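Just so you know, these numbers come straight off a predicted model, no measurement behind them. In what follows, every heavy atom counts, from backbone to side chain, and hydrogens, waters and symmetry copies are set aside. Chain letters run A, B, ... following the sequence lines, proteins first and then strands; every chain starts at 1.
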There are 2 protein chains.
Amino acid sequence: MTDLAPHELRVLVAVEEEGTFTSAATRLGTTQSAVSHAVRGCERKLGAVLFERGRHGARPTEAGARAVGYARRVLRLLATMGAEVRGAGADGPLTGTLRIVAFRSVAAHLLPPVLARLAERHPGLGTRVRIVREIGRGTAGEVADGRADLGLATLPAEGPPPVPGLVTARLYEEAYALAHPQGHPDPRRLPLVDWDENCGSYTRRWWREQDWIPPATVDVEDDAVAVSMVAQGLGMAIMPATALLGAPPGLAVTPLDPNPPTRLVGYVTTPELAPTPAVRALIRELRDLPLPEGLAPARTQPARPGATR
Amino acid sequence: MTDLAPHELRVLVAVEEEGTFTSAATRLGTTQSAVSHAVRGCERKLGAVLFERGRHGARPTEAGARAVGYARRVLRLLATMGAEVRGAGADGPLTGTLRIVAFRSVAAHLLPPVLARLAERHPGLGTRVRIVREIGRGTAGEVADGRADLGLATLPAEGPPPVPGLVTARLYEEAYALAHPQGHPDPRRLPLVDWDENCGSYTRRWWREQDWIPPATVDVEDDAVAVSMVAQGLGMAIMPATALLGAPPGLAVTPLDPNPPTRLVGYVTTPELAPTPAVRALIRELRDLPLPEGLAPARTQPARPGATR
DNA sequence: CGGGTTCCATCGATCCCGCTCATGGAAGCG
DNA sequence: CGCTTCCATGAGCGGGATCGATGGAACCCG
């Protein structure tokens with residue numbers, strides 16, 4: 001019996017991500033001792049040292065990195081197995097629970113109608129939405145780690161998706177616009193409100209082409225906070241259309257003609273989950289969503305990462 | 001913790017293959033009671049009845065068949081994991097055994113050179129080829145159920161692949177041609193030899209456009225039998241180029257200009273196995289195979305099943 | 001250099017899970 | 001009705017995983 005049990009696989013993944021036996025243990029809700037034992041057990045079963053232990057925690061060896069990769073795949077497959085076996089009835093009604101992650105603005109403004117229609121068409125299908133900040137690995141990381149079935153993510157304008165091994169497709173493209181207090185005589189003299197999550201890569205090029213710079217910059221934590229600060233007259237912001245959908249009164253939006261920066265929004269899921277009826281139903285609803293003004297469908301390059309070749 | 005442990009997966013597979021709790025138990029070197037407990041545990045974890053128990057033993061339900069398929073895939077992945085982690089030396093030599101399924105004509109005429117070159121480049125990598133008739137779910141079904149790592153299959157001209165959840169890509173397209181006895185004055189007056197496996201969907205459209213119909217039809221079991229019957233002068237047949245590769249003397253082939261029916265041949269594997277070095281090596285050899293005359297590379301639409309749309 | 005901190009390893013006690021061994025019920029067969 | 005062949009169930013046991021505590025190693029810092 002040389003196969004690793006699911007809990008051992010989870011330990012390997014946790015250790016690799018946390019970088020430390022101790023924090024892996026807390027993440028798994030267990031003790032450092034158990035993690036130590038589990039890792040040793042894995043190493044004995046596989047016949048290879050998986051992590052270099054040292055002062056700085058645990059770093060995966062060559063073999064360890066490989067093992068962690070396999071561990072993720074096995075765990076994903078097991079998760080898919082559960083989902084698929086439950087929703088067995090061929091073309092019967094879908095059941096189970098879809099775990100969705102999204103960043104705030106999409107979760108607030110685009111997801112509700114999608115989920116409503118999904119629930120209407122598939123009453124047996126539950127959904128659980130978690131909001132994750134699109135920093136670090138963002139929503140794609142949640143999907144890659146098996147903590148969600150589908151994620152809504154911002155995608156790079158071109159090139160491969162940031163997290164390899166996932167299925168990615170574009171949903172829409174949206175322009176950034178200038179949000180400023182209603183009736184302000186010269187909004188460009190106001191301080192710029194920026195927020196952590198706002199990945200500069202989309203707007204950087206645009207800023208370089210401008211011949212004005214904001215007098216000051218205020219950093220806030222969240223785009224919703226930025227919106228409300230602008231609405232209160234405390235600044236102006238360059239925001240994507242989605243974030244401005246629920247704009248409160250007192251906030252005006254002027255487009256950034258003629259060449260506004262844009263960003264791509266799409267979904268991310270795993271190759272195993274993608275063909276699943278439940279995920280497909282959700283994707284269908286996402287695609288069929290009538291886009292609010294300012295959001296343009298981005299049909300091209302549905303894209304798969306590494307499958308072929 | 002709803003995941004199934006490896007020993008539980010093994011129990012499911014054994015029960016499905018043995019058809020009986022008792023014999024599954026002896027095969028696993030354990031007791032019937034343990035098997036019963038294990039199966040109930042699986043059912044509880046997955047939330048579905050997996051086997052119909054009755055006088056005749058245990059038959060998998062719809063959900064059970066699905067679960068067993070996943071179980072085989074997970075076990076295979078775990079086995080691969082063990083092999084691969086041990087042989088960690090970066091790009092070290094590949095090891096293990098690739099289980100390949102193919103239908104007869106491909107296995108007989110295309111696979112040998114591929115396997116020879118694969119063996120030459122990766123001496124440590126074993127291969128096992130099983131021939132499966134391309135009826136029912138065909139080779140793709142074997143792959144989906146975890147009984148093979150890669151299958152060579154006929155693909156539908158368009159639309160999604162028949163078995164969802166698998167990775168599919170085209171390899172080549174081949175034309176059907178008229179096979180008839182050498183020197184026969186009017187082969188179209190001979191009876192048509194057809195065989196079970198010959199999925200009519202490829203040739204049906206072509207037949208509709210013809211202004212002649214064969215005087216009779218003979219059904220045989222296998223395309224090899226059809227070839228030899230034609231060679232003996234007992235009829236004529238409309239056959240794909242691959243099946244005619246080893247054509248015996250006495251058999252002549254005339255193309256069906258100008259618009260012959262064609263069929264697509266490609267490979268099928270699972271998303272977990274596709275990134276595996278061994279499978280990738282095999283796919284590389286398949287793609288690099290110099291195609292015999294009559295077989296045209298079909299580059300377009302490398303294709304993923306359900307990912308997009 | 002000697003506390004303080006942060007890692008991992010190890011050890012004995014404990015607990016849980018899975019196994020075995022019985023036994024029982026149901027369904028066919030003669 | 002006894003025999004056989006299925007699977008289900010319950011009691012008891014044993015091994016393995018977990019826990020909590022302790023120890024040791026490496027590093028930081030005044």
Checklist entry - Touch check for A/Ala34, heavy atoms < 4.0 angstrom, all strands: base, sugar-phosphate only, or nothing? => result sugar-phosphate
Item to check | A/Val39 and A/Val11: CA distance, side-chain angles, deciding distance, side chain to side chain contact (heavy atoms under 4.5 Å, CB included) verdict | outcome: CA-CA 7 Å; A/Val39 171; A/Val11 167; 3.9 Å; yes
Next on the checklist: Would you say A/Arg53 places a side-chain N or O within less than 4.0 Å of OP1 or OP2 belonging to D/dA26?
Outcome noted: no
Next on the checklist: Rounded to whole Å, how long is the line connecting atom CZ of B/Arg10 with atom P of C/dG18?
Outcome noted: 14 Å
Checklist entry - Rounded to whole angstroms, how far apart are NE2 on B/His37 and P on C/dA22? => result 16 Å
Next on the checklist: Would you say A/Thr31 places a side-chain N or O within less than 4.0 Å of OP1 or OP2 belonging to D/dC19?
Outcome noted: yes
Checklist entry - Quick one: is D/dA8 close enough that its OP1 or OP2 comes under 4.0 Å of any side-chain N or O from B/Ser36? => result yes
Checklist entry - Under 3.5 Å, is there an N or O donor on one side and an acceptor on the other linking the side chain of B/Thr22 and the base of D/dT5? => result no
Checklist outcome for this item: note: B/Lys45, atom NZ; C/dG18, atom C1'; distance rounded to Å ~ 10 Å
Next on the checklist: One pair to check against side-chain hydrogen bond (donor to acceptor under 3.5 Å, both in side chains): B/Thr20 and B/Glu18. What are the steps and the verdict?
Outcome noted: CA-CA 5 Å; B/Thr20 269; B/Glu18 297 288 332; over 6 Å; no
Checklist entry - Does any donor-acceptor pair link the side chain of B/Gln32 with the base of D/dA8 at a separation under 3.5 Å? => result yes
Checklist entry - How long is the line joining CD of B/Glu43 and C1' of D/dC7, in whole Å? => result 12 Å
Next on the checklist: Rounded at 0.5 Å granularity, tell me how far CD in A/Glu52 sits from OG1 in A/Thr61.
Outcome noted: 7.0 Å
Item to check | Integer-rounded Å distance: D/dC6 C1' and B/Glu18 CD | outcome: 15 Å
Item to check | Length of the line joining B/Phe21:CZ and C/dA26:P, which is rounded to integer Å | outcome: 18 Å
Item to check | Shortest side-chain distance from B/His7, nucleotide among C/dC19, D/dC19, C/dC8 | outcome: C/dC19
Checklist entry - D/dT9 phosphate, OP1 or OP2: any side-chain N/O from B/Arg40 under 4.0 angstrom? => result yes
Checklist entry - Rounded to whole angstroms, how far apart are NE2 on A/His56 and C1' on D/dC28? => result 12 Å
Checklist entry - Has the side chain of B/Thr30 got a donor or acceptor that lies under 3.5 Å from a partner of the other kind on the base of C/dC19? => result no
Next on the checklist: So for A/Ser33 and D/dG20, does any side-chain atom that can act as donor or acceptor lie under 3.5 Å from a complementary atom in the base?
Outcome noted: yes
Next on the checklist: What is the separation between atom CG on B/Leu4 and atom P on C/dG18, rounded to the nearest whole Å?
Outcome noted: 10 Å
Item to check | Salt-bridge present (A/Glu8, A/Lys45; N to O < 4.0 Å) | outcome: yes
Checklist entry - Is it true that atom CZ of A/Arg130 has more than 12 heavy atoms of other residues, nucleotides or ligands lying nearer than 6.0 Å? => result yes
